[in-house]
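Reading through the structure tokens given below for one structure.
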Number of protein chains: 2
Amino acid sequence: MARRPTIADVARHAGVSRTSVSFALNDRPGIAEETKERILAAAAELGWTPSRPARALSLGKAGAFGLVLARDPDQIGADLFFPAFIAGVEVALGERGDGLMVHLTTPEREESVYERLAADRRVDGVLLTDLRHEDPRPALTHRLGLPAVVVGQSEWSDGLTSVGLDDRPAYVAAVRRLAELGHRRIAHVEGPQEFRHAHRRRSAWEETLGDLGLPPGPVLPGGFTAEGGARATRELLSLAEPPTAIVYGNDLAATAGLSVAQELGVPVPERLSVVGYDDNPLTRYTHPPLSSARADARGWGEAAAQALDRVLAGEEVAHVVLPPAEFIPRASIGPAPRP
Amino acid sequence: MARRPTIADVARHAGVSRTSVSFALNDRPGIAEETKERILAAAAELGWTPSRPARALSLGKAGAFGLVLARDPDQIGADLFFPAFIAGVEVALGERGDGLMVHLTTPEREESVYERLAADRRVDGVLLTDLRHEDPRPALTHRLGLPAVVVGQSEWSDGLTSVGLDDRPAYVAAVRRLAELGHRRIAHVEGPQEFRHAHRRRSAWEETLGDLGLPPGPVLPGGFTAEGGARATRELLSLAEPPTAIVYGNDLAATAGLSVAQELGVPVPERLSVVGYDDNPLTRYTHPPLSSARADARGWGEAAAQALDRVLAGEEVAHVVLPPAEFIPRASIGPAPRP
DNA sequence: CCCGTCCCGCAAACCGGTTTAGTGAGCGCC
DNA sequence: GGCGCTCACTAAACCGGTTTGCGGGACGGG
């Protein structure tokens, strides 16, 4: 196959210098309209597009963002947050022809991946998701000189710009609704507490119960997984005084919980109300349909990418706050059973 | 922040030329052992790593692969094939420090994404997944001079190297097992037939029934979605002679189908046997646990990346065949009900 | 002692863009 | 008519690596 054309080929073909081709392409002043058209026509005819690596080298910009996911692969597949989030990032990036480098790794190797990303200068900045307590990454990216944006609450961002979408209101609304329905023993199956969002969900549950003057029901770890959700549910339902409602950290655990309840002959919602989080497409089709919460993951991705853009442009970017997650009541909740 | 060190800084620091630094780094002969150590020490001390863009420019290699997903975001999130697949690709790429550019797009814009990928020279090659009938991509990548590997059966690859993992045996085994259990009316809820794998699954079901001398049961589209699976199941169960077993195109549709059966008061597996595909982590925790099929998506990703590596190295790569998917019977199947 | 080899290492060119620092032509103005 | 300006364009340097081609010193053999 023929060698790809370079800027020199276009210049020759249009009878101008390489400089002019570059100027014409980038809409810089100093090129006569007529010449510019001739250049662009030549480029089109030869099918020339500037080489990204070459452009990246002279501009000192890679033209790509990085996203490092350090969950176990099993868990990543579980929720559809990431695909939607990535789709949103793509919307923001796609216009400029930039791209997203996705690195899936294990928690142990996480730091080295960021280090390599920074050392390589393969990305211009990174999006930090799934923040943990004492998360090393804000400091790490700062030390590495790697621009970053935190995808989460501003309190977690450690000085970085954040793009937040609050999941708390959905939990507050869910717990309040359950209380309205007469529930007094409302349990929580929490996600891994090292994650700030998992912890935040638990706090929302706990504090809302407190505000309502209700005792905190039992809490069990569900690990955001089907297995964890099933095990926790089994344990909760075998208590002397089982809860009449369970609020899960995510839909996967909740769906598994729904199956366990059914297996144990506990009718939902007659004897147990169930609430998930994520609005997984499956939740509308479980039996009964699972109450959940919806967050605009796609919009989140788009906003995060735009924020990182502005950070890279050197702007002082304020924390971005997106509309919060919304509680979606469905048939999996109902009035508390009579004692 | 200080400017990042370049190869010239390392050369100066070690008292050698840039050439020597490059040679030392790339293990090329012609550098004395002692000198090499001094160079590497200098590099380490300055914290220098070669810049990817610069390297990409001189080598004419981007050091990255591309993966374009053209499903609707909702559908991508649904199965955990991609996260596991990407994790596998990462394993193969990570060793060399290469990366994966993921582009999530819509079917309409798919071709232009490949065109840009090729024009930009931002990736060295692409992995083609989700092949369709009359898929334009093998010809497109060939025309664009963009090296590619087909993730799927060799018959689909149109001359490209393929890395296949056969899902057929799992379907054959499932249908045979159902027949053994006495089922005679075995339905199929198929995925979108423009996808070759969806079509292949349907053919496996159909041909196995034929081999067994059984009439093909009803087929309905399920679109690989929860909604489609639920709708198809509802329709199947309201037939005058409803099937006693349903084989779904994937777990998502099957899980939704399970809920519908339950909602309609059709006990599983007593009156209806159900089989999915993908071995989604949830399937072990549905009620009853869903029979499914397991394929090593991670290994698939790793093998695909390695194959693309070898294609890029100019080797003649034969079609790679991985161990086929395996049927995983669980409690969602049982003996056919007595008429 | 001289010459051919081998081993090391360097200068310079190159990859394909962008950008800086001019150059020359044309024009208005006094 | 000469000066200064603007406009359109270009030559050359630069980004940070890799690679080619060559030179100098040590060593061994004749």
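All chains are named by letter (A, B, ...) in the order of the sequence lines, taking the proteins before the strands, and each is independently numbered beginning at 1. Keep in mind that this is a model prediction, so the values were computed, not measured. FYI, side chains are in, hydrogens and waters are out, and symmetry mates aren't considered; it's all heavy atoms of this structure.
- Rounded to whole angstrom, the span from the CH2 atom of B:W48 across to the P atom of D:dT18 amounts to 6 Å.
- The distance between atom CG of A:L25 and atom C1' of C:dT19, rounded to the nearest whole Å, is 14 Å.
- Atom CD1 in A:I31 sits about 18 Å away from atom P in D:dT6, given to the nearest Å.
- B:S20 comes within 4.0 angstrom of sugar-phosphate atoms only, judged by non-hydrogen atoms across all strands, and of no base.
- Using a 4.0 Å heavy-atom criterion, one finds that A:S22 contacts the bases of the nucleic acid, with or without backbone contacts as well.
- Using a cutoff of 4.0 Å between basic side-chain nitrogens and carboxylate oxygens, B:D27 and B:K36 are scored as salt-bridged.
- In this structure, B:N26 atom CG and D:dG16 atom C1' are separated by 13 Å, rounded to whole Å.
- Not one side-chain nitrogen or oxygen of B:S58 sits closer than 4.0 Å to the OP1 or OP2 atom of D:dG16.
- Residue-level contact check: B:S51 touches the backbone only, with heavy atoms under 4.0 Å from sugar-phosphate atoms and none from bases.
- Checked for salt-bridge contact, A:D309 and A:R96 meet the test: a charged N lies under 4.0 Å from a carboxylate O.
- Under a 4.0 Å N-O distance rule, the pair B:K61/B:D98 does not qualify as a salt bridge.
- Using a 4.0 Å heavy-atom distance criterion, A:L57 is classed as a base contact.
- For B:S17, the side-chain atoms get nearest to C:dA11 when compared with the rest of C:dA11, D:dG16, D:dT19.
- Using a 4.0 Å cut-off between a side-chain N of Lys or Arg and a carboxylate O of Asp or Glu, B:R196 and B:E134 do not qualify as a salt bridge.
- Within the 4.0 angstrom heavy-atom criterion, only backbone atoms of the sugar-phosphate kind lie near B:V16; the bases stay farther away.
- In this structure, CZ of A:F23 is placed 10 Å from C1' of D:dT10, rounded to the nearest angstrom.
- For the pair A:I39 CD1 and C:dT18 P, the computed distance is 12 Å after rounding to whole Å.
- One interatomic measurement links the two molecules: CZ of B:R4 to P of D:dG17, which rounds to 11 Å at whole-angstrom precision.
- Side-chain atoms of A:T35 and base atoms of D:dA8 include no donor and acceptor less than 3.5 Å apart.
- If you check every strand for non-hydrogen atoms under 4.0 Å, B:R28 touches sugar and phosphate atoms only.
- Under the 30°/60° scheme for interplanar angles, the aromatic rings of A:F82 and A:F85 are found to stand perpendicular.
- In this entry the distance linking CZ of B:R18 with P of C:dC15 reads 15 Å, nearest Å.
- You'll find that the side chain of A:A32 is closest to D:dA8, out of D:dG17, D:dA8, C:dC8.
- Within 4.0 Å (heavy atoms only), B:G60 reaches no atom of the nucleic acid at all.
- A salt bridge links B:R132 with B:E110; the closest basic N to acidic carboxylate O contact falls under 4.0 Å.
- Taking 3.5 Å as the limit, the base of C:dT18 and the side chain of A:T19 contain no donor-acceptor pair of atoms between them.
- For A:T6, taking side-chain heavy atoms from C-beta onward, the closest of the listed nucleotides C:dG16, C:dG9, D:dA8 is C:dG16.
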